[in-house]
Amino acid sequence: MIKRQNKKGQVGHAVTWIHKFFILVLVIGGIVAVILTHYSQQYDIRNYEANTIARKIVECIAPEGKIEVFSEQAIRDCLPIDEKEIFLNISLGKDNVAIGYEYLEILCQAEKETEVKKYPSCLEEKYYVLEDNQEKELGIFLAIRKTEKNL
Amino acid sequence: MIKRQNKKGQAGDIIQDTVGLIVVALLLIVFFIISSAFWGFGKKEMQTITTENILQNQEHLSLYSWLQKTIEIDINGQKQEIMMADLIRLSKIDYNYKETLDQEIKKAYGNLYDYNVEAKNPEEFDILSYEIITIGGVPMILPAVKQTTGSFFYIPSNETIFVNLEILNLK
């Protein structure tokens, strides 16, 4: 009689443990799911990238706010530019240098008027700089595609 | 009798665990919503920081290069070439140069930005309170001024002058 009761008790105990194990899996799974949802969001860091590229170029062609050399080669020497993914338009007074995929500029214009799904990240900056003590406007327009990695 | 009580006990255990599970799940959802509400979603936060950074870059370099620009002005009947930083100093001593300074500021930034340029002594800032700050192990009482955005430069002079350029909008 005692033996039988023990067996039944053991089975009951096992059933309770299956239930507890199920709860444990559910709770841990829930925590993992919440953390994954929160941290697996794709971050669009192209605006950071655009800002960094613009800063690097300005520091390179106009260290301490004074223009040293302004030419396409001088800009290309500043940092490597992925021309398939980036469009760069730099103006100094009446001079202008354009590097990269020009179609991105059109998409940036279009984004202002219509909603483009896979839009590029666009950045426009204006700097007051000196060239031989003459004040000049240094304009930077930068567009980055890289939609596959960021959107 | 014992058997029956055991069964009841087991059922109570299961109900207790189920309620516990629901509470844990609810807590997880609540914490997730609170964390998102307080710290915002990643994308939004990064966008804000970048906008500030973009402006700071332009403010810093544009102000720095302008302060180095030299102009020719009339001082005591003599034409002299001075830097903008010196013109700011001069305008603090002789108020007549304030007009020339304002014209130069407008000429420099008027076509580029909607801007705000200020050249002030520390006492001209709105002091909110005083704070005790330890610098190199020495406690010092420093004024906590109103948070002003933009780029600051310090011009050494008889009296301390801070120059601030704040870009409001690109033109």
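Just so we're clear, the structure is a prediction, and the values are computed from it rather than from any experiment. Each chain gets a letter, A, B and so on, in the order its sequence line appears, and its residues count up from 1.
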A:Tyr127 versus B:Tyr113, closest heavy-atom pair with distance: CA-OH, 3.6 Å

Any side-chain heavy-atom pair of A:Gln134 and B:Lys69 under 4.5 Å: no

A:Leu79 reachable from A:Ile67 in the ILVMFWY side-chain graph, under 4.5 Å edges: yes

Minimal non-hydrogen separation, B:Leu170 against A:Glu124, with atom names: CD1-O, 3.4 Å

B:Asn111 atom CG, over 12 foreign heavy atoms within 6.0 Å: no

Atom pair CG/CG of B:Leu61 and A:Leu138 - distance to nearest 0.5 Å: 8.0 Å

B:Asp94 atom CG, neighbour heavy-atom count above 12 within 6.0 Å: yes

Distance, nearest 0.5 Å, that separates CG of B:Leu67 from OH of A:Tyr128: 9.5 Å

Same apolar cluster (I L V M F W Y, side chains within < 4.5 Å links), A:Val69/A:Val97: no

ILVMFWY cluster, B:Met83 and B:Ile73 together (side-chain gap under 4.5 Å): no

Side chain A:Glu125, main chain B:Leu55, donor-acceptor under 3.5 Å: no

Separation between CD of A:Glu137 and OH of B:Tyr109, rounded to the nearest 0.5 Å: 13.0 Å

Rounded distance [0.5 Å steps], CD in B:Glu104 versus CD in A:Glu135: 6.5 Å

Residue A:Lys84 excluded, over 12 heavy atoms near NZ under 6.0 Å: no

B:Glu81 CD: over 12 foreign heavy atoms closer than 6.0 Å: yes

For A:Lys126 against B:Gln58, the heavy-atom pair lying closest together: N-OE1, 2.8 Å

Closest non-hydrogen atom pair, A:Leu130 against B:Ser65: CD1-O, 3.0 Å

A:Ile31, part contacting chain B, at a heavy-atom distance under 4.5 Å: both

Cluster overlap B:Ile15 with B:Val23, hydrophobic side-chain contacts below 4.5 Å: yes

Other residues, nucleotides, ligands: >12 heavy atoms within 6.0 Å of B:Gln80 CD: yes

Reference residue B:Asn57; test side-chain contact (heavy atoms from CB on, under 4.5 Å); the match among A:Thr52, A:Asn51, A:Val58: A:Asn51

side-chain contact (heavy atoms from CB on, under 4.5 Å) between B:Asn53 and A:Tyr48, intermediate numbers included: CA-CA 9 Å; B:Asn53 283 351; A:Tyr48 263 107; 4.2 Å; yes

